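In what follows, a single structure is set out as structure tokens and then discussed.
Note on naming: letters A, B, ... go to the chains in the order of the sequence lines (proteins, then strands), and numbering restarts at 1 for each one. Basis for what follows: all heavy atoms, side chains included, without hydrogens, waters or symmetry-related copies. On a predicted model such as this, the values are computed, not experimentally measured, just so you know.
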There are 2 protein chains.
Amino acid sequence: MDTKTKILNAAEILFAEKGFTATSLREITSDAEVNLAAVNYHFGSKKELIKALMKRYLDQLSPVLVSALVKVNEQELKPTLEQVFTAFVEPLLSLNDYRENGTSIFLQLLGRSYTDSQGFLRWFITTNYPGIIDNFVTAVHRAYPELSTEDIFWRLHFTMGTAVFTMSSTGALIDIAENDFCEKVDVAGVIYRIIPYVAAGVGAPVSSV
Amino acid sequence: MDTKTKILNAAEILFAEKGFTATSLREITSDAEVNLAAVNYHFGSKKELIKALMKRYLDQLSPVLVSALVKVNEQELKPTLEQVFTAFVEPLLSLNDYRENGTSIFLQLLGRSYTDSQGFLRWFITTNYPGIIDNFVTAVHRAYPELSTEDIFWRLHFTMGTAVFTMSSTGALIDIAENDFCEKVDVAGVIYRIIPYVAAGVGAPVSSV
DNA sequence: TGTCATTTTAAACGCATGTTTTAAAAAATA
DNA sequence: TATTTTTTAAAACATGCGTTTAAAATGACA
């Protein structure tokens, strides 16, 4: 395995676990068993390493996810919200084939992108992968036409918050859950739990006020 | 105003904006116009400062919130989920009387507590203020008895995610919303938008699987 | 095999961090 | 007022950070 990949593989785990700021290049290069200077040699800077990391996942996920959303939009004239959100499941879980714990790691990284580093990654993602958002909004609009643009805006952000926050603390939450309910929990299980929640949330009746 | 308060007031704003790790004691003491060493003198360490910060808010919020939840539990044998979540509104907004932008700052800090610093604050909060969680779970259980303890656990965390994430990016979101919809938005307005969403989410039908 | 570009290595750089120290100032106490 | 305690102040400390440097090792190719 080449140095670049070794760094990416070690970095994504640490970044997902502890956040971008709290993870040092020395930890990364130590785990990756490469020289400290290798990060700056191969990626230029820590910031560029983070971007490369997100790009690796998004390039993998984006086409699959977009085509899943397009499929919903083509097959169903008026899809249910559950159908729309279910379209996310398979593409997200396919990241587990790509990398071990890929789904969990990616979603955690996504969460970190929104809270760490003053949102420069949020900009990077939304400007580089608009197809996801556009197709998603279209599908929601078809599923629930009575929802105003304004309501869609807010409820999609609520949904994003649900997913992102949950995955950022999934590790800890799964620990608590397993202790309290003595049951095995995995990422796929959590995702399937989220779907009815966000579908019902987005589908809530519009306030009459 | 004494040094301790000056530090707390400056720190909470910076911590809410940039996170705990990304905010240095030098920034805080500079904004607070006190000496750098004052933090360690009055609080012992940065970690203790953060705890004191959260304690200041939670000591203010906890009794009001608990009594609001108790009231729901006493007045309604089977409250609606909207009633349960509406019980949060007034206590949360009362933080604005306590401190300028108190509601927003507190919720942002709460969000940081869950993602920063490997969850030591999460432990601090849940072990020190169990009354909130207990009464909340009780109310939800009454409103929706068919929901298993496990489902309640997860859906409450989803709800937490919705609120916390939204508030963490409220500044940016309000800007976008006001540009796109040419309408005035404030924190209270966002909170009232969240309620039907989370009420519907928690009230979603339980998966038959 | 010898040459040149690429990659790896160890060391250092400059800077920022949280914390500690030591002394001066202020406040409280008697 | 004299003495003790509490608070502020400036400076230094030790540590860890991202990054850079310059030399050594490696690889590709003539």
Counting N and O atoms only, with roles assigned by atom type, does the side chain of A:Tyr192 sit under 3.5 Å from a partner on the main chain of A:Val187, one being a donor and the other an acceptor?
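Answer holds: no.
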Hey, is the main chain of A:Leu36 close enough, under 3.5 Å, to the side chain of A:Arg26 for a donor-acceptor pair?
no
Do NZ/NE/NH1/NH2 and the carboxylate oxygens of A:Arg155 and A:Glu150 come within less than 4.0 Å?
no
Salt bridge present between A:Lys51 and A:Glu48 (N-O < 4.0 angstrom)
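A salt bridge links A:Lys51 with A:Glu48.
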Does A:Ser24 put a side-chain nitrogen or oxygen below 4.0 Å from OP1 or OP2 of D:dC17?
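Yes, such a contact exists.
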Assign A:Thr29 to base, sugar-phosphate, or nothing according to its heavy-atom contacts below 4.0 angstrom with the strands shown.
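Nothing: the residue A:Thr29, judged by heavy atoms under 4.0 Å, touches no strand.
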Measure across B:Ser45 and B:Val39 and return the closest heavy-atom pair with its distance rounded to 0.1 Å.
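Of all heavy-atom pairs spanning B:Ser45 and B:Val39, the closest is O-CG1, 4.5 Å.
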What is the separation between atom [atom1] on [X] and atom [atom2] on [N], rounded to the nearest whole Å?
X: B:Asn35; N: C:dT20; atom1: CG; atom2: C1'; answer: 13 Å
X: B:Lys4; N: D:dT8; atom1: NZ; atom2: C1'; answer: 15 Å
X: B:Phe43; N: D:dT7; atom1: CZ; atom2: P; answer: 12 Å
X: B:Asp2; N: D:dT6; atom1: CG; atom2: C1'; answer: 13 Å
X: A:Leu36; N: D:dG16; atom1: CG; atom2: C1'; answer: 12 Å
X: A:His42; N: D:dT20; atom1: NE2; atom2: P; answer: 15 Å
X: A:Arg26; N: C:dT17; atom1: CZ; atom2: P; answer: 16 Å
X: B:Tyr41; N: C:dA25; atom1: OH; atom2: C1'; answer: 13 Å

5'-most contact on DNA chain D: B:Ala38 or A:Lys46, nearest heavy atom basis?
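Looking at the nearest nucleotide for each, B:Ala38 comes out on the 5' side.
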Of the nucleotides [options], which one has an atom closest to the side chain of [X]?
X: A:Asn40; options: C:dT19, C:dT17, D:dT20; answer: D:dT20
X: A:Ala37; options: C:dT9, D:dG18, D:dA10; answer: C:dT9
X: B:Thr3; options: D:dT8, C:dG18, D:dG18; answer: D:dT8

B:Phe106 and B:Tyr57 aromatic centres sub-6.0 Å
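Yes - the distance between ring centres of B:Phe106 and B:Tyr57 falls below the 6.0 Å cut-off.
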For the residue pair B:Thr138 / B:Asn73, report whether a side-chain donor-acceptor contact shorter than 3.5 Å exists.
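B:Asn73 vs B:Thr138: no donor-acceptor pair found between side chains.
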Quick check on the helix from C:dT1-D:dA30 to C:dA30-D:dT1: what's the angle between its two end axes, five base pairs per end, to the nearest 10°?
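The value is 10°.
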